[in-house]
*Asks:* 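Handing you a structure now.
Note that the coordinates shown come from a computational prediction; the quantities given were computed from them, not determined experimentally. Below, chains carry the letters A, B, ... as their sequence lines are ordered, and counting in each starts from 1. Values reported hereafter were calculated over all heavy atoms of this structure, with side chains retained and with hydrogens, waters and symmetry mates removed.
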2 protein chains.
Amino acid sequence: MNTAAHREFKERLFEQFARVGKALASPKRLEIVDLLAQGERTVEDIAKETAMSVASASQHLQALKGARMVESRREGLYAHYRLAGEDVFRTWQAVRALAESHLAEVDRVVETYLENRDTLEAVDAMELMERLSDGSVVVLDVRPEEEYRAGHIPGAISVPVGALETALHMLPKDKEVVAYCRGPYCVFSDEVVLALSARGYRASRLTEGFPEWQTAGYPVELKNPR
Amino acid sequence: MNTAAHREFKERLFEQFARVGKALASPKRLEIVDLLAQGERTVEDIAKETAMSVASASQHLQALKGARMVESRREGLYAHYRLAGEDVFRTWQAVRALAESHLAEVDRVVETYLENRDTLEAVDAMELMERLSDGSVVVLDVRPEEEYRAGHIPGAISVPVGALETALHMLPKDKEVVAYCRGPYCVFSDEVVLALSARGYRASRLTEGFPEWQTAGYPVELKNPR
DNA sequence: GTTCTATTCAACTAATCTGTTGAACATATG
DNA sequence: CATATGTTCAACAGATTAGTTGAATAGAAC
């Protein structure tokens with residue numbers, strides 16, 4: 001292959017790679033990917049959760065679809081979108097991890113909005129996995145119940161935010177409570193841990209969310225354990 | 001945290017994540033990242049290898065620097081740029097892998113320019129690692145010698161493209177020869193394997209390049225073995 | 001069929017990005 | 001000191017992108 005052909009090859013090749021990069025270049029699209037990591041969603045769901053107009057959400061979804069990062073199916077009036085594979089989530093995780101470790105601004109944003117996060121006890125997936133086996137913890141899934149039903153950490157109890165009060169009677173004060181959520185930046189587990197701590201429970205949050213747990217290869221339960 | 005604050009939090013957070021995405025959104029910048037995975041380079045080197053003007057290369061480098069993905073040091077007249085960490089390469093790998101597995105166009109480009117790639121024998125890193133221990137293969141590093149000196153697969157012989165003729169006497173015809181290069185799309189190993197096969201050697205290419213070998217945790221040799 | 005609803009499309013504006021050019025800056029050498 | 005070289009900066013033109021609005025489309029429901 002001569003020099004000109006070689007250059008042409010590289011340019012065509014990297015143009016393709018950049019299609020993925022471009023898809024990852026918008027905050028809104030990253031939010032969509034993060035949301036879809038929880039499971040299928042309709043365009044309307046996505047628009048609502050990301051505070052976009054439906055048209056705008058649809059356009060971003062088309063962009064992601066163009067990069068083959070999401071797929072859709074139609075069911076009646078609704079178009080359901082989902083990630084096109086686990087590797088899409090993995091790539092998003094890599095991008096997020098890179099930002100976390102290199103951009104000081106990420107920490108600053110977290111500290112600004114989650115002022116007391118560093119005062120909360122936190123456990124990571126490996127730690128929780130160990131303590132699951134000896135039965136010394138109660139695990140709370142604080143996501144919307146629908147997401148719980150689509151898969152959760154084995155033995156976890158579904159306690160969507162807002163339902164904490166009514167679920168209190170199920171929580172033994174002698175065991176530690178670990179709450180988890182959609183991802184490392186999902187604020188609901190923070191809030192639950194704060195509320196439980198204030199009531200005298202020993203509570204901590206899982207540093208990662210359910211998608212990270214699942215992608216890391218830890219066991220997942222599909223049916224409600226009770 | 002109320003709804004408005006929650007939204008603000010997400011927007012600031014994902015804006016930061018998107019900084020990394022934006023840095024990955026240009027083919028030229030991806031090419032720079034891929035090149036810097038081989039080691040430090042000056043602005044001029046980068047401009048030359050990626051067929052850009054120096055000003056343009058410098059601007060892309062500033063963009064990557066803004067996302068904290070590259071770092072630079074000045075030595076006399078020259079500014080030397082390098083990747084800001086192994087995680088930068090890993091993220092680029094994830095993006096590339098996603099494009100490979102989801103975008104049919106990648107295969108099409110490769111087939112167009114490397115017509116006979118599928119006829120060449122290929123081994124992956126794990127396979128090569130096994131065969132290294134039983135001494136049944138000779139490994140050729142076909143990158144520029146400087147890159148070989150910065151680190152190579154243990155026992156590999158440096159045979160930069162063009163120097164193949166003079167190195168032929170070192171290659172035993174009874175052993176299999178495995179050639180590797182900068183990465184999975186580096187064409188030099190293809191060319192060397194083709195040339196060797198035509199001369200009656202049993203030759204194959206390593207499917208990955210040196211950075212992938214290194215990042216996967218396989219052993220690396222720093223000094224010339226002889 | 002008409003009507004309703006979810007989604008997509010098209011047209012438009014504002015904003016951002018890319019590459020070019022030539023000037024400015026930094027560091028060497030004579 | 002002047003001069004040369006590598007790099008960066010600033011200003012500009014052209015292309016691309018993001019979000020808005022309103023129309024078009026597809027599939028229910030009546």
*Asks:* To the nearest angstrom, how far is B:Glu11 atom CD from D:dG19 atom C1'?
*Replies:* 13 Å
*Asks:* Between D:dT7 atom C1' and B:Leu61 atom CG, what is the distance in whole Å?
*Replies:*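 Distance check: B:Leu61 CG to D:dT7 C1' gives 10 Å.
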*Asks:* Without decimals, in angstroms, what is the distance between A:Glu31 CD and D:dA18 C1'?
*Replies:*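 In whole Å, D:dA18 C1' and A:Glu31 CD are 15 Å from each other.
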*Asks:* Does the side chain of B:Asn116 pick up a donor-acceptor pair with the side chain of B:Thr119 at under 3.5 Å?
*Replies:* no
*Asks:* Please list, chain by chain and in numerical order, all residues satisfying side chain to side chain donor-acceptor pair (under 3.5 Å) with A:Arg90, sequence neighbours excluded.
*Replies:*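 Result, side chain to side chain donor-acceptor pair (under 3.5 Å) vs A:Arg90: A:Glu86.
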*Asks:* Heavy atoms within less than 4.0 Å of DNA chain C: which residues of residues 64-78 of chain A have one? Give them sorted by number.
*Replies:*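 Within this stretch, A:Arg74, A:Leu77, A:Tyr78 sit under 4.0 Å of the strand.
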*Asks:* Which whole-number value in Å describes the distance from A:Glu15 CD to D:dA15 P?
*Replies:* 16 Å
*Asks:* With distance as the sole criterion, is a donor-acceptor pair present between the side chains of B:Tyr185 and B:Glu100 under 3.5 Å?
*Replies:* yes
*Asks:* OP1 or OP2 of D:dG6 less than 4.0 angstrom from a side-chain nitrogen or oxygen of B:Tyr81, does that happen here?
*Replies:* no
*Asks:* Would you say the rings of A:Phe89 and A:Trp213 are close, in the sense that their centroids are separated by under 6.0 Å?
*Replies:* no
*Asks:* A:Val139 pairs by side chain to side chain contact (heavy atoms under 4.5 Å, CB included) with which of A:Leu128, A:Val159, A:Leu206?
*Replies:*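 Of A:Leu128, A:Val159, A:Leu206, side chain to side chain contact (heavy atoms under 4.5 Å, CB included) with A:Val139 is met by A:Leu128 alone.
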*Asks:* Are any non-hydrogen side-chain atoms of A:Glu191 and A:Val142 less than 4.5 angstrom apart?
*Replies:* no
*Asks:* Could you tell me the separation between the CD atom of B:Glu44 and the P atom of D:dA4, rounded to a whole number of Å?
*Replies:* 17 Å
*Asks:* Nearest whole angstrom, please: distance from the P of C:dT8 to the NE2 of A:His80.
*Replies:*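 Roughly 11 Å, once rounded to whole Å.
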*Asks:* To the nearest 0.5 Å, how far apart are CG in B:Leu61 and CE in B:Met69?
*Replies:* 11.5 Å
*Asks:* Does the protein touch nucleotides 16-22 of chain C at the base, only the backbone, or not at all? Give it as B, S and - per nucleotide, heavy atoms under 4.0 Å.
*Replies:* -SSBBB-
*Asks:* Classify the ring geometry between B:Phe188 and A:His6 as parallel (under 30°), tilted (30 to 60°) or perpendicular (over 60°).
*Replies:*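 Perpendicular.
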